[in-house]
Trainee: 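Let me give you the structure first, and then I'll get to my questions.
These numbers come from a predicted model, not from an experiment.
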Amino acid sequence: MNTSVASMRPDQAALDSGLPGSYRGSDALPQHKRQLRILRRVTLSVAVIWLALVAGMGWWMSQRTMTAQLDSLASSAEYEAITTARVMDRLFTEMVSVSNMVASQAQVIELATRYRIDAPGAIDLTRPQRAAQFTRDPLAQQVGDYMDALASDLNYARIYMNNLSDDTVTASNWAAPDSIVGMIYSGRPYLVDALRDGKGSSFGIARLNKTPSYFVSSRIDDENGAPLGSVTVKFDAPDVAHYLTGRHVSLVVNRQGRVITASSEPFMLRNVATLLPPGTVEPPDGEEELGEAMDVRSMAETGQSDQWLIEGRPYLLRQQSLTNTPYQLLTLASLEALAPMRMQHLITGGLAAGFGLLLILLCGRIATQLAERRLRAEQDRVLAISKAAERDLTIKVRERTAELAESNASLEEEVDRRHGLEVKLRQSLDSVNDALVQQRDFLALVTHEFRGPLAVIAGAADNMALSTDENSEDVQLRAARIRRTVNRMSMLIENVLAGDRLDAAEKPHAMVQTFDLNEILRTLQAALDDDAVSRVSLLPGDEAKVSGDRYLLEIALQNLVQNALKYSASPTPVTVRLSVDEGMVFVNVTDQGSGVPPEYREFIFLKYYRAAGQRANGSGLGLYISREIARQHGGALTLVASDASGTTFRLSLPLAGSEVAALKPDLIMEIQ
């Protein structure tokens with residue numbers, strides 16, 4: 001076989017030296033594959049990073065642009081609200097000034113004095129009849145012309161004068177076919193307020209032409225301050241709306257939320273009470289209707305409390321109170337341009353992301369194709385090398401097959417030779433086992449034969465001690481010596497039998513019992529001779545129930561006590577103490593001997609071991625057998641302490657039914 005193996009080496013070396021490319025190819029091919037996988041992962045990673053970068057930057061830029069646009073709209077709406085409020089304040093102030101100016105004009109006071117109240121029966125006349133009576137008066141015509149010129153200059157709808165009977169004495173349109181002269185406006189709030197407080201204002205819908213208008217009245221007083229009537233300036237809401245023209249929608253809203261003037265027609269006379277601050281909306285006053293409510297909803301989900309959806313369209317709201325009026329000015333900046341702007345940002349970002357992604361994928365595809373070409377070239381090279389190697393390998397296999405056939409023949413001869421040796425070895429083992437069986441049988445026979453004579457000798461010693469005079473010390477000493485020798489021989493026999501059973505892995509035939517270990521101590525005390533009784537102090541403890549072979553445990557404790565008596569001088573005491581703690585039973589056997597030298601402590605539990613220099617007789621089985629019995633019962637035997645003052649051995653066993661006992665069921669089962 002050595003010759004054939006040696007002959008293979010030159011051929012293998014020639015094969016290896018002839019195909020250097022095969023090894024380079026085997027390393028380069030996985031490298032090219034790894035490069036291809038890495039390239040694909042890099043392409044995918046770059047694409048993902050690009051998309052994330054474009055999405056993040058696009059969102060950030062869009063948010064900045066939208067925020068800037070929203071801030072611009074807010075600033076514009078705020079500025080327009082302030083400027084429009086100033087214009088409206090001036091407009092209402094002007095109307096009050098005009099009504100005060102006309103009411104203090106001399107001809108107006110004279111006319112009001114002349115027609116302070118209607119003549120009796122005037123109420124029964126028709127409006128044209130009352131108008132004819134008033135317009136025949138040249139003073140009424142002059143005052144009416146004055147009012148007409150003033151209304152034309154200021155673009156007011158009408159200026160008119162009423163007496164204390166609420167009858168219209170003259171008006172700026174006194175000569176027109178639809179003149180209001182002779183109209184009785186009973187209960188009009190602005191007329192009532194003017195006669196009571198000196199001035200009054202109101203918004204209402206004209207009864208004749210149904211036009212929404214503002215009414216401002218001033219009281220006409222005589223030289224004594226007595227009321228004579230009132231002058232009213234009427235300004236139509238469509239004309240007022242011209243002052244609201246601007247970039248954004250402006251609304252003048254009364255306390256009930258009705259839009260009384262608007263720069264946008266769809267808002268006119270509608271109700272937008274939801275837009276007013278909480279607690280400022282008043283109930284209907286009974287004069288005018290509240291108007292059709294518009295669909296107004298807050299856009300609180302955007303995080304902005306000043307953004308509203310009105311009839312489905314988004315607006316930014318700014319509010320201004322009009323001075324000396326019960327009206328609010330609302331400015332609405334449309335946010336509809338933001339949605340197309342956001343869509344434009346989204347489309348732009350999508351185009352940028354798509355273009356970049358296309359470029360990345362194209363570059364990745366080109367790089368992948370180049371890597372695939374290199375991989376295919378490397379695969380072709382490796383395939384060619386593999387085919388050449390396969391041809392050479394086929395030749396070598398044929399040669400090696402012949403060599404292996406020769407080696408197999410030699411191996412078969414070796415197998416046959418070893419099989420014969422195995423048969424002989426098995427026969428030898430059978431002979432040894434038979435010898436061991438005969439040895440155990442002989443040992444059992446010898447110990448049985450010894451037990452009988454030992455019992456006779458022990459009985460004779462007892463009879464001799466009882467039959468002799470108590471003063472015969474020599475006989476008593478000899479009888480005691482005989483009993484000690486008999487006990488030592490009995491213990492030796494029991495230990496030999498127990499050791500043989502343990503070594504042969506035989507299971508004891510006794511049944512496992514649950515008993516109190518204190519009972520064994522009492523049994524042990526009863527078996528002691530007179531000399532041992534005087535030296536051994538047994539200290540029982542609490543109830544200590546254990547499960548096991550009572551006979552074996554008695555042997556273990558007898559060995560410990562006899563060992564303590566043997567290796568401590570008489571009459572020094574030996575203490576046997578039982579205690580229970582945390583599910584375990586502890587039996588400590590303490591003597592006052594010279595102790596176990598440190599160099600021998602690790603060997604004292606070995607079978608047949610005896611320390612050098614020991615004077616006491618012994619077989620070296622006691623501690624070994626006691627520890628094995630403790631182990632089979634799930635416990636242990638340990639050397640707790642040993643010095644010049646004495647030695648303490650501890651036997652520990654688990655209490656029956658405790659958790660410690662449950663941990664070692666296999667050890668308990670061994671003794672069943």
Side-chain angles (χ1 to χ4, degrees), residues 91-92 94-118 122-123 125-196 198-221 227-240 287:
L91 185 62
F92 286 117
E94 178 186 289
M95 291 176 64
V96 174
S97 300
V98 170
S99 64
N100 288 335
M101 180 185 69
V102 175
S104 60
Q105 211 271 343
Q107 289 182 334
V108 173
I109 294 175
E110 181 182 355
L111 183 62
T113 303
R114 184 180 300 175
Y115 298 103
R116 184 171 181 272
I117 59 174
D118 285 344
I123 190 66
L125 300 177
T126 63
R127 185 199 65 79
Q129 291 174 344
R130 289 193 298 273
Q133 290 179 357
F134 291 134
T135 55
R136 284 197 297 267
D137 189 338
L139 182 59
Q141 296 177 9
Q142 291 177 5
V143 172
D145 292 338
Y146 167 72
M147 291 180 176
D148 185 55
L150 189 61
S152 298
D153 291 340
L154 299 177
N155 200 29
Y156 290 157
R158 192 171 297 111
I159 300 176
Y160 53 93
M161 185 190 78
N162 295 84
N163 60 12
L164 295 180
S165 299
D166 297 326
D167 199 351
T168 305
V169 177
T170 187
S172 58
N173 67 340
W174 69 271
D178 57 347
S179 172
I180 64 171
V181 177
M183 289 289 296
I184 298 177
Y185 294 124
S186 300
R188 294 296 176 91
Y190 58 90
L191 296 179
V192 175
D193 292 343
L195 294 177
R196 184 183 65 244
K199 63 178 181 179
S201 62
S202 180
F203 172 83
I205 307 297
R207 296 179 180 178
L208 295 179
N209 55 13
K210 304 299 182 181
T211 301
S213 304
Y214 294 91
F215 300 88
V216 175
S217 297
S218 295
R219 188 173 63 193
I220 305 172
D221 295 331
L228 301 175
S230 62
V231 172
T232 301
V233 176
K234 176 175 179 270
F235 203 170
D236 290 341
D239 295 329
V240 177
E287 291 296 326

Trainee: Would you list the pairs meeting salt bridge (Lys or Arg N to Asp or Glu O under 4.0 Å) in which at least one residue belongs to residues 145-156, sequence neighbours left out?
Mentor: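 The answer is none; no pair qualifies.
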Trainee: I'd like to know if the side chain of Gln129 and the backbone of Thr126 have a donor-acceptor N/O pair within less than 3.5 Å.
Mentor: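 Between the backbone of Thr126 and the side chain of Gln129 there is a qualifying donor-acceptor contact (under 3.5 Å).
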Trainee: Output all residues satisfying side chain to side chain donor-acceptor pair (under 3.5 Å) with Asn155, sequence neighbours left out; order by chain, then residue number.
Mentor: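 With sequence neighbours excluded, Asn155 shows a side chain to side chain donor-acceptor pair (under 3.5 Å) to no residue whatsoever.
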Trainee: Using the salt bridge (charged side-chain N to carboxylate O under 4.0 Å, His left out) criterion, which residues pair with Asp166? Sequence neighbours excluded.
Mentor: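 Listed in chain order: nothing, the list is empty.
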Trainee: Which pairs, with at least one residue in residues 148-173 and sequence neighbours excluded, count as a ring-ring contact (aromatic ring centres under 6.0 Å, His included)?
Mentor: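 As it turns out, the ring-ring contact (aromatic ring centres under 6.0 Å, His included) pairs with a partner in residues 148-173, which skip direct neighbours, are Tyr156-Phe235, Tyr160-Tyr185.
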Trainee: My understanding is that only residues two or more places apart in sequence, or in another chain, count here; which of them pass side-chain contact (heavy atoms from CB on, under 4.5 Å) with Ala176?
Mentor: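 If we apply the side-chain contact (heavy atoms from CB on, under 4.5 Å) test to Ala176, skipping adjacent residues, the hits are Asn173, Asp178.
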Trainee: Looking only at heavy atoms, which two atoms of Leu164 and Pro227 are closest? And how far apart?
Mentor: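 Heavy atoms only, the tightest pair is CD1-O, 3.6 Å.
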Trainee: So which heavy atom on Met183 is nearest to which on Asp167, and how close?
Mentor: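 Taking Met183 first and Asp167 second, the nearest heavy atoms are O-OD1, 3.3 Å.
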Trainee: Which residues satisfy the salt bridge (charged side-chain N to carboxylate O under 4.0 Å, His left out) test with Asp239, sequence neighbours excluded?
Mentor: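 Per chain and number, Asp239 pairs via salt bridge (charged side-chain N to carboxylate O under 4.0 Å, His left out) with no residue.
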Trainee: Going by side-chain contact (heavy atoms from CB on, under 4.5 Å), name the residues that satisfy it together with Ser97, two or more places apart in sequence or in a different chain.
Mentor: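 Residues passing side-chain contact (heavy atoms from CB on, under 4.5 Å) with Ser97: Thr93.
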Trainee: Enumerate the residue pairs fulfilling salt bridge (Lys or Arg N to Asp or Glu O under 4.0 Å) with a member in residues 106-116, sequence neighbours excluded, ordered by first and then second residue.
Mentor: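 Checked against salt bridge (Lys or Arg N to Asp or Glu O under 4.0 Å) - neighbours excluded - the pairs reaching residues 106-116 are Glu110-Arg114, Arg114-Asp137.
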Trainee: Using the side chain to side chain donor-acceptor pair (under 3.5 Å) criterion, which residues pair with Gln107? Sequence neighbours excluded.
Mentor: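 Gln107 satisfies side chain to side chain donor-acceptor pair (under 3.5 Å) with Gln142 once adjacent residues are dropped.
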Trainee: I'd like to check the side-chain contact (heavy atoms from CB on, under 4.5 Å) partners of Ala237; sequence neighbours left out, ordered by chain and number.
Mentor: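 So Ala237 forms a side-chain contact (heavy atoms from CB on, under 4.5 Å) with Phe203, Pro212, Tyr214, Thr261, Met268.
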Trainee: Can you list everything that forms a side chain to side chain donor-acceptor pair (under 3.5 Å) with Ser201? Sequence neighbours excluded, please.
Mentor: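 Listed in chain order: nothing, the list is empty.
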Trainee: State, to 0.1 Å, how close Met161 and Ile220 come at their nearest heavy-atom pair, and which atoms those are.
Mentor: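 Closest pair (atom of Met161, atom of Ile220, distance): CG-CD1, 3.5 Å.
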Trainee: For Asn162, check side chain to side chain donor-acceptor pair (under 3.5 Å) against everything at least two apart and list the hits.
Mentor: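 Side chain to side chain donor-acceptor pair (under 3.5 Å) list for Asn162, sorted by chain: Thr168.
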